[in-house]
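See below for the structure under consideration.
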Amino acid sequence: MTLKDAHARTVEYVRLSLTERCNLACTYCVPSHHEELPSDWMTDDEIVALIAALQPLGLRRVRLTGGEPTLRPRLPQLVARLARLGLADLSLTTNATRLSSLAVPLREAGLHRLNLSLDTLDASRFRALSGGDLDDVLAGIDAAKAAGFVGGKLNVVALDGINDGELVALARFAWAHELQPRYIELMPMSDGAVAPTHRFLPVAAIRARLEAALGTLEPCERTGPGVGPARHMRVVGTSRTIGFISAVTEPFCSTCNRIRISARGRLHTCLGIDDAPALDDVLDLRAAVGRGPDAVRAAVTSAVGKKGEGHTFDPASVGVRLAGGPRRHMIVIGG
């Protein structure tokens, strides 16, 4: 069975948050007033039952997110249970701070891929941006490579005047670690309240800065697995590729193929739209799990049928206030 929305887009990809907690506090993700929420997340049994129920709809690709998913207790055991479902792709996005001890167990559990997040190679800048220790991240990235996780992505949120001078260095760092650098525009989550507007860097400017140092970039096909929204380019005359996620200035809504599920089992059909109240009758997938697989499939089919054509990020406000985003925070839904 193929699951399609009202705009004829095939939905095959689930981004599933495992926790709303994080051991970092990146300024563009965690609002200053954010309170740590109680851990009444879906249980492992509920998560496995939910994903198994979705497989007959053609949803066979799952990315585990957060918060920081490696904070989830017994994570390798959960990954092993999901891997046994025979998913086409099972991946995880992490800040890498805990991979020194978890990379091997996750690999052995059957996790296919890792996407790693790193915005700077400068230790003091890293601490200012996230409150964390860069050495933990670098050790985790090394551990991931040693465990056999290669060919993933290195996610970089580009911030003008903060890490824009490191964009080239981060690309070279990623390639040296057998990762694809992927540059992400700052998104106006929390209705723009946590987006430092004067730091916004459009993807066209990112590409220009990279080309000035690395050479001409040309569009190319995706290399390796994955079904994400990035547009891929290759440095002409090389095999080195770069991904760009330009949700604000160059939206990719017409090719959207995903849904998101929060750690509490709330369904979101779009990162950039507040689903309630339009979908209140189908948002609670945790409750649906309790009623059985048919209830889960009915809820998701109904929600996807109401999926909007595009998000509400407002490119016209770029450089002014980065308005137009949803009220919820990135740390709650998982980016």
Side-chain angles (χ1 to χ4, degrees), residues 17 19-36 65-71 92-100 114-142 144 152-174 176-177 179-203 205-206 209-210 242-248 271 318-319 321-322 325 328-335:
S17 175
T19 173
E20 295 163 334
R21 295 179 178 174
C22 189
N23 54 346
L24 300 180
C26 297
T27 54
Y28 52 79
C29 179
V30 184
S32 59
H33 61 278
H34 178 72
E35 295 181 5
E36 188 172 275
T65 68
E68 172 47 45
T70 60
L71 295 179
L92 181 143
T93 294
T94 174
N95 60 30
T97 56
R98 293 169 55 83
L99 286 183
S100 289
L114 285 171
N115 280 6
L116 311 171
S117 300
L118 180 61
D119 298 331
T120 176
L121 296 169
D122 180 274
S124 60
R125 185 173 295 128
F126 184 85
R127 185 167 295 280
L129 275 172
S130 69
D133 189 334
L134 179 62
D135 286 342
D136 293 338
V137 177
L138 298 180
I141 292 173
D142 287 340
K153 309 295 188 295
L154 187 77
N155 291 333
V156 179
V157 176
L159 300 168
D160 195 25
I162 295 181
N163 65 351
D164 56 313
E166 295 186 79
L167 300 180
V168 174
L170 284 160
R172 289 175 172 149
F173 174 88
H177 288 79
L179 301 166
Q180 183 197 61
R182 188 165 65 172
Y183 299 93
I184 304 172
E185 287 183 337
L186 181 67
M187 286 180 262
M189 303 298 290
S190 310
D191 200 22
V194 299
T197 305
H198 61 293
R199 301 303 186 192
F200 181 81
L201 194 62
V203 76
I206 299 169
R209 296 185 189 203
L210 292 170
I242 301 173
F244 299 94
I245 297 180
S246 52
V248 177
L271 177 65
V318 171
R321 58 189 180 92
L322 267 186
R328 61 176 176 258
H329 310 308
M330 184 75 81
I331 193 173
V332 172
I333 188 174

Which pair of heavy atoms, one from [X] and one from [Y], lies closest together, and at what distance?
X: H177; Y: D142; answer: NE2-OD1, 3.4 Å
X: N155; Y: I184; answer: CB-CD1, 3.9 Å
X: A96; Y: L116; answer: CB-CD2, 4.3 Å
X: G67; Y: S17; answer: N-OG, 4.5 Å
X: L167; Y: A158; answer: CD2-CB, 4.3 Å
X: L159; Y: L186; answer: CD2-CD1, 4.1 Å

Are [X] and [Y] side-chain neighbours, meaning at least one heavy-atom pair lies under 4.5 Å?
X: N115; Y: R182; value: yes
X: F244; Y: L210; value: yes
X: I141; Y: L99; value: no
X: Y183; Y: L201; value: no
X: C26; Y: L129; value: no
X: S117; Y: T93; value: yes
X: F126; Y: D136; value: no

Could you tell me whether a side-chain N or O of [X] sits under 3.5 Å from a main-chain N or O of [Y], the two making a donor and an acceptor?
X: N95; Y: V137; result: no
X: D164; Y: G161; result: yes
X: R98; Y: T70; result: yes

OG1-CG distance between T94 and L114, expressed to the nearest 0.5 angstrom: 7.0 Å
Separation between OG1 of T97 and CG of L138, rounded to the nearest 0.5 Å: 11.5 Å
The salt bridge (Lys or Arg N to Asp or Glu O under 4.0 Å) partners of D160 (sequence neighbours excluded) come to R209
Pairs meeting criterion salt bridge (Lys or Arg N to Asp or Glu O under 4.0 Å) with involvement of residues 116-133, two or more places apart: R125-E166
Step by step, work out the side chain to side chain donor-acceptor pair (under 3.5 Å) result for E68 and N23. CA-CA 7 Å; E68 172 47 45; N23 54 346; over 6 Å; no
